[in-house]
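What follows is a short report on a single structure.
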Amino acid sequence: MGRLVLLLLLAFLMPGLAIPVPPALKALSNLHLSTSFTSRPSVVMKYSIHYIEQKGFMWDVAEELKAMLVFAEHRYYGQSLPFGADSFRDSRHLNFLTSEQALADFAELIKHLKRTIPGAENQPVIALGGSYGGMLAAWFRMKYPHIVVGALAASAPIWQFEDIVPCGVFMKIVTTDFKRSGPNCSESIQSSWDAINRLTRNGTGMDWLSEALHLCTPLKNAQDVQHLKDWISETWVNLAMVDYPYESNFLQPLPAWPIKVVCQYLKNPNLSDKKLLQNIFQALNVYYNYSGQARCLNMSETSTSSLGSLGWSYQACTEIVMPFCTNGIDDMFEPQPWDLKTFSDECFKQWGVKPRPSWITSMYGGKNISSHTNIIFSNGDLDPWSGGGVTKNITNTLVAIIIPEGAHHLDLRANSAFDPMTVLLARSLEVKYMKQWIRDFYASPRKKH
């Protein structure tokens with residue numbers, strides 16, 4: 001048998017969250033499943049295929065590298081439930097849901113594949129992933145360099161922890177995306193929050209706004225209004241992450257460059273409150289009703305609770321503790337400081353656990369990773385997660401690839417005639433590095449992994 005390369009995609013299924021969290025962290029979960037799913041195999045398989053289809057780059061590069069693709073599902077997601085229906089019963093059953101346990105699973109999986117697939121025993125393995133999967137790919141190479149020869153970590157915010165980066169950097173990039181997509185667009189969104197607050201001071205105003213925004217469930221109280229504003233914020237965040245140069249349906253059916261389309265409705269921030277919010281509805285409609293089939297806008301659509309969301313909720317409450325904040329000056333959102341105590345209290349109420357905000361940096365090194373090798377960190381400059389990513393070369397083998405006009409892991413998507421030249425160049429550079437890792441592996445006298 002000839003040479004065989006194993007490309008391991010660190011994938012997992014993850015819809016919305018189950019506890020109150022910043023819109024950015026909710027949006028990270030939404031990226032992995034655009035809707036809810038149940039534990040029925042047929043439904044999980046449907047969305048597994050949907051997720052895999054978003055990673056067309058792997059299929060393209062596998063042929064070029066003569067590689068076998070392996071899609072590894074994260075424990076506690078999809079069908080990988082260690083205690084079946086009891087997996088989310090309590091924190092005792094969830095104790096085994098950690099990134100380090102997941103990495104150990106992947107290592108055991110590779111060892112099993114090499115034992116059981118003819119010709120695979122002495123062949124190199126490369127880990128790939130995007131978003132949290134990209135973080136896992138980078139961490140996998142760091143912790144198991146004898147298992148994988150290299151990793152492509154696309155849109156992987158491995159530094160979005162503690163105070164490594166400012167807590168406001170994420171929402172600042174979201175704002176920049178809207179600012180560059182149309183005159184007065186971000187200013188109109190910023191003006192909309194006060195307009196909402198003024199109109200919802202009484203029941204009459206809530207009724208008018210519910211009708212103007214075509215909400216499926218009318219606003220009844222101040223809690224509903226806060227939910228509305230969080231939902232709108234999350235929508236702008238989602239648009240920033242999937243601002244692709246062609247029509248896509250990753251989260252929702254969307255037009256090419258969807259923020260530019262949204263900003264066509266948000267050109268004047270100095271309108272009356274009602275007129276401004278009618279324009280906000282038109283903008284929201286681009287995201288939620290591009291197909292023209294929605295009869296109303298459902299405020300729970302981007303955060304539907306399900307079996308999978310419980311797993312991410314627990315991880316966010318234990319190890320994936322990412323600080324986010326806004327100040328209303330450097331961004332287009334209402335001021336919201338990062339409040340670890342409030343977040344911790346919510347986590348304890350939900351799971352009986354307290355967050356460990358320093359654990360990820362202790363476990364994986366934070367910025368002290370220069371001793372590692374063979375990791376590509378790719379980030380699009382439109383992607384708000386790039387603020388927590390590695391965007392400059394650390395060594396000649398820990399390299400950063402910046403993709404101008406690139407949204408969230410655009411480089412992992414399949415080649416398109418509408419791709420900007422920047423992402424085509426990024427993909428070719430990524431393949432170049434992978435080929436070098438493979439050559440180095442076969443040139444090494446110690447190539448038994």
Side-chain angles (χ1 to χ4, degrees), residues 10-12 14 17 19 21-22 24-29 31-32 72 74-77 91 94-107 127 129-145 148 151-170 310-325 338-344 346-348 350-351 353-372 375 377 379 383-391 394 398 400 408-409:
L10 306 186
F12 72 115
M14 185 173 68
L17 294 167
I19 62 168
V21 295
L25 199 53
K26 277 190 177 183
L28 178 62
S29 70
L31 279 167
H32 298 274
H74 196 297
R75 58 169 59 196
Y76 287 85
Y77 294 94
S91 58
L94 281 160
N95 272 341
F96 306 98
L97 174 51
T98 66
S99 58
E100 55 264 39
Q101 289 282 328
L103 297 181
D105 289 341
F106 302 147
S131 201
Y132 174 51
M135 297 161 72
L136 292 171
W139 293 338
F140 196 30
R141 170 60 184 171
M142 294 176 189
K143 292 297 184 181
Y144 295 89
V148 291
L152 169 56
S155 298
I158 65 167
W159 289 343
Q160 191 75 48
F161 295 93
E162 293 193 279
D163 57 354
I164 296 178
V165 299
C167 62
V169 65
F170 183 98
L310 293 176
W312 182 247
S313 169
Y314 180 82
Q315 281 192 273
C317 277
T318 50
E319 58 174 357
I320 311 295
V321 184
M322 295 179 168
F324 296 98
C325 64
W338 167 244
D339 188 340
L340 178 60
K341 184 182 184 306
T342 298
F343 183 72
S344 179
E346 291 287 352
C347 289
F348 191 78
Q350 176 77 17
W351 295 112
V353 297
K354 292 284 189 177
R356 298 181 294 171
S358 301
W359 179 248
I360 288 294
T361 52
S362 298
M363 185 69 182
Y364 301 113
K367 281 204 167 185
N368 299 317
I369 60 174
S370 59
S371 61
H372 302 294
I375 304 175
F377 296 98
N379 285 281
D383 182 16
W385 288 107
S386 65
V390 179
T391 55
I394 297 175
L398 289 181
H408 199 58
H409 52 60

For a quick test of your reading: what N or O donor-acceptor pairs under 3.5 Å do the side chains of residues 359-367 make, sequence neighbours left out?
unit_1 : atom_1 : unit_2 : atom_2 : d
W359   : NE1    : E100   : OE2    : 3.2
T361   : OG1    : E162   : OE1    : 2.5
T361   : OG1    : S358   : O      : 2.9
S362   : OG     : S358   : O      : 2.9
Y364   : OH     : S99    : OG     : 2.7
Y364   : OH     : E100   : N      : 3.4

Which heavy atom of [X] sits nearest to which heavy atom of [Y], and what is that distance?
X: G129; Y: A137; value: N-CB, 3.9 Å
X: P355; Y: C347; value: CG-SG, 4.1 Å
X: P357; Y: V321; value: CA-CB, 4.0 Å
X: A153; Y: I375; value: CB-CG2, 4.5 Å
X: A156; Y: G134; value: CB-C, 3.4 Å

Carefully, step by step, assess V148 and F106 under the rule side-chain contact (heavy atoms from CB on, under 4.5 Å). CA-CA 10 Å; V148 291; F106 302 147; over 6 Å; no

When rounded to the nearest 0.5 angstrom, what distance separates [atom1] in [X] from [atom2] in [Y]?
X: S371; Y: I394; atom1: OG; atom2: CD1; result: 10.0 Å
X: Q160; Y: S386; atom1: CD; atom2: OG; result: 9.5 Å
X: K354; Y: L340; atom1: NZ; atom2: CG; result: 9.0 Å

When you compare the side chain of [Y] with that of [X], does any pair of heavy atoms fall below 4.5 Å?
X: E346; Y: F343; result: no
X: N379; Y: W385; result: no
X: V390; Y: L398; result: no
X: H372; Y: P145; result: no
X: V165; Y: F170; result: no
X: L310; Y: L94; result: no
X: D105; Y: H74; result: no
X: I158; Y: F377; result: yes

Would you please say whether a donor-acceptor pair under 3.5 Å links the side chains of Q315 and Y76?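 Note: Q315 and Y76 side chains miss the donor-acceptor criterion.
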
N95 and Y314: CA distance, side-chain angles, deciding distance, side-chain contact (heavy atoms from CB on, under 4.5 Å) verdict: CA-CA 10 Å; N95 272 341; Y314 180 82; 3.8 Å; yes

Test S131 against H409 for side chain to side chain donor-acceptor pair (under 3.5 Å), laying out the working first. CA-CA 7 Å; S131 201; H409 52 60; 5.3 Å; no

Determine whether a donor-acceptor pair (N or O, by modelled atom type, separation under 3.5 Å) exists between the side chain of R75 and the backbone of F96.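 Here the side-chain-to-backbone pair exists.
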
By side-chain hydrogen bond (donor to acceptor under 3.5 Å, both in side chains), which residues pair with S91, not counting sequence neighbours?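 side-chain hydrogen bond (donor to acceptor under 3.5 Å, both in side chains) list for S91, sorted by chain: empty.
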
From CA spacing to verdict: side-chain contact (heavy atoms from CB on, under 4.5 Å), W159, T391: CA-CA 11 Å; W159 289 343; T391 55; over 6 Å; no

Check step by step if side-chain contact (heavy atoms from CB on, under 4.5 Å) holds for T318 and W351. CA-CA 10 Å; T318 50; W351 295 112; over 6 Å; no

